[in-house]
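Reading through the structure tokens given below for one structure.
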Amino acid sequence: MRKQIAAANWKMNLTYQQGEKLLNEILESGIELRPDQNVIFAVPFPYLIMAASAVAEEQGYEISAQNCNDKSSGAYTGEVSAEMIHTIGIKYCIVGHSERREYHLESNRILADKLNLCLQNFITPIFCCGEALVIREKNEQNQFVQQQMEESLFHLDKEQVKKIMIAYEPVWAIGTGKTASTAQAQEMHSHLRSLLAEKYGKDVAEEISILYGGSVKASNAAELFASPDVDGGLVGGASLSAQEFIQIIKALKQ
Ligand code: PGA
């Protein structure tokens with residue numbers, strides 16, 4: 001049975017102290033997760049060790065990096081490798097967030113290298129895909145996202161692809177307050193799952209968690225997560241409030 005996931009993406013927000021307080025508030029609410037549920041906090045690099053230690057005793061609570069470099073090591077000042085993340089005990093990493101594609105010009109090809117490095121280092125990549133508004137307006141979102149999958153992901157074999165998670169994040173819904181409708185989210189998630197099924201078989205496709213991201217909040221999470229192919233969310237803004245994020249965790253499919 002595939003996992004239902006509430007993932008927080010803090011982006012470049014919160015001081016160390018604020019981050020620690022937020023984690024503690026969420027953990028103190030004592031939500032017990034079922035074996036098929038995970039809560040993942042994608043925190044800034046300097047907070048990874050603190051966050052990993054905060055969740056160490058909590059069943060189903062995990063920590064993720066927000067990015068890694070596409071090279072394994074070397075003269076890349078200021079960069080962080082997948083191996084470094086692995087050697088501090090972190091098991092997840094967001095790859096290909098649209099903000100990195102836009103501000104750091106990360107191409108599908110570079111993201112393929114990042115996925116490989118994550119997998120080589122026992123890290124589950126949370127691979128983000130999704131179209132900008134101009135693409136949606138031309139109704140070309142399905143082909144666009146298909147190309148992102150083909151160029152970054154489809155070189156993986158069955159065993160490797162089973163180890164990844166996908167987050168569908170329409171760029172026009174990120175941080176804008178505009179959420180994809182439940183029907184739009186379900187339609188794209190089902191499209192993604194059918195692409196995976198065509199390439200890797202239905203059994204593999206059924207095992208891969210596909211999260212929705214883009215203005216998920218306490219007030220819309222339950223409806224979005226109720227869709228059969230939406231396996232939880234990757235949450236930016238609303239994950240910075242303990243009360244909001246607690247409600248989002250509680251909205252995971254039962
Ligand atoms: P948002 O961000 O929830 O603030 O729209 C989601 C994301 O970028 O992962």
Side-chain angles (χ1 to χ4, degrees), residues 1-7 33-40 42 60 62 64 68 70 82 86 91-98 101 106-131 135-136 139-170 180 182-214 224-234 252-254:
M1 198 177 179
R2 61 179 179 260
K3 295 249 181 181
Q4 303 297 312
I5 315 275
L33 303 176
R34 291 197 322 260
D36 69 323
Q37 295 178 328
N38 278 140
V39 172
I40 302 175
E62 304 282 352
S64 174
C68 65
D70 58 308
H86 165 62
K91 298 204 218 61
Y92 296 84
C93 183
I94 297 176
V95 170
H97 191 279
S98 64
R101 292 174 186 264
E106 293 187 358
S107 64
N108 291 341
R109 177 66 242 155
I110 285 177
L111 299 176
D113 292 340
K114 292 193 183 201
L115 289 177
N116 293 342
L117 284 166
C118 283
L119 293 170
Q120 280 163 27
N121 285 286
F122 313 98
I123 292 169
T124 297
I126 304 171
F127 174 72
C128 300
C129 58
E131 80 289 351
I135 309 268
R136 169 75 55 176
N139 199 28
E140 286 171 0
Q141 63 275 8
N142 285 4
Q143 301 92 297
F144 183 84
V145 173
Q146 178 166 352
Q147 191 176 353
Q148 290 182 320
M149 300 269 284
E150 283 170 355
E151 293 182 4
S152 297
L153 214 79
F154 279 6
H155 64 287
L156 300 176
D157 67 25
K158 259 191 196 188
E159 289 314 308
Q160 291 172 315
V161 86
K162 276 194 217 167
K163 298 193 180 113
I164 69 154
M165 269 177 209
I166 295 175
Y168 168 59
E169 299 207 307
T182 311
Q184 283 171 324
Q186 169 56 26
E187 195 188 338
M188 179 57 85
H189 284 228
S190 133
H191 173 59
L192 291 170
R193 207 177 299 286
S194 66
L195 291 172
L196 290 165
E198 265 170 49
K199 172 84 184 160
Y200 297 104
K202 198 163 183 316
D203 291 357
V204 173
E206 286 298 320
E207 275 183 49
I208 298 176
S209 298
I210 308 180
L211 319 185
Y212 168 79
L224 284 159
F225 299 171
S227 300
D229 287 297
V230 178
D231 308 313
L234 179 56
L252 287 174
K253 255 197 225 68
Q254 291 303 310

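Numbers here simply count residues along the sequence, with the first being 1. All values derive from a computational prediction rather than experimental measurement.
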Interatomic distance, [X] atom [atom1] to [Y] atom [atom2] [nearest 0.5 angstrom]:
{"X": "Lys163", "Y": "Ile208", "atom1": "NZ", "atom2": "CD1", "answer": "11.5 Å"}
{"X": "Leu252", "Y": "Asn38", "atom1": "CG", "atom2": "CG", "answer": "9.5 Å"}
{"X": "Tyr168", "Y": "Met188", "atom1": "OH", "atom2": "CE", "answer": "4.0 Å"}
{"X": "Tyr92", "Y": "Glu62", "atom1": "OH", "atom2": "CD", "answer": "4.5 Å"}
{"X": "Ile166", "Y": "Ile210", "atom1": "CD1", "atom2": "CD1", "answer": "5.0 Å"}
{"X": "Lys114", "Y": "Arg109", "atom1": "NZ", "atom2": "CZ", "answer": "13.0 Å"}

Shortest non-hydrogen separation from Leu115 to Ser152 and the atoms involved =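 Minimum heavy-atom contact is CD1-O, 3.1 Å.
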Shortest non-hydrogen contact from Ala185 toward Ala180 = N-CB, 4.4 Å
Can you give the donor-acceptor pairs under 3.5 Å from side chains of residues 117-129 to other protein atoms, not counting sequence neighbours?
residue	atom	partner	partner atom	Å
Asn121	ND2	Leu117	O	2.9

Intermediate values then yes/no, side-chain contact (heavy atoms from CB on, under 4.5 Å), Lys3 and Met165 | CA-CA 10 Å; Lys3 295 249 181 181; Met165 269 177 209; 5.5 Å; no
Gly130 backbone acceptor or donor facing Gln148 side chain under 3.5 Å = yes
Please check if the side chain of Tyr212 supplies one atom and the backbone of Gly214 the other of a donor-acceptor pair under 3.5 Å.
->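 Yes, because the side chain of Tyr212 sits within donor-acceptor range (under 3.5 Å) of the backbone of Gly214.
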Side chains of [X] and [Y]: do they bring a donor and an acceptor to under 3.5 Å?
{"X": "Asp229", "Y": "Gln186", "result": "yes"}
{"X": "His189", "Y": "Asp231", "result": "no"}
{"X": "Glu140", "Y": "Asn142", "result": "no"}
{"X": "Tyr200", "Y": "Glu159", "result": "no"}

Min side-chain heavy-atom separation [X]-[Y] under 4.5 Å:
{"X": "Asn116", "Y": "Leu156", "answer": "yes"}
{"X": "Met149", "Y": "Leu196", "answer": "yes"}
{"X": "Arg136", "Y": "Gln184", "answer": "yes"}
{"X": "Phe225", "Y": "Thr182", "answer": "no"}

Would you please test Arg193 and Lys202 for side-chain contact (heavy atoms from CB on, under 4.5 Å) and show each step?
-> CA-CA 8 Å; Arg193 207 177 299 286; Lys202 198 163 183 316; over 6 Å; no
Derivation and outcome, side-chain contact (heavy atoms from CB on, under 4.5 Å), residues Leu195 and Glu150 = CA-CA 9 Å; Leu195 291 172; Glu150 283 170 355; 5.6 Å; no
For Asp157, does the CG atom sit with more than 12 other heavy atoms under 6.0 Å from it, leaving out its own atoms?
-> yes
With a cut-off of 6.0 Å (strictly less than), are more than 12 heavy atoms of other residues, nucleotides or ligands near NZ of Lys253?
->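 More than 12 within 6.0 Å, yes.
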side-chain contact (heavy atoms from CB on, under 4.5 Å) between Leu153 and Lys199, intermediate numbers included = CA-CA 11 Å; Leu153 214 79; Lys199 172 84 184 160; over 6 Å; no
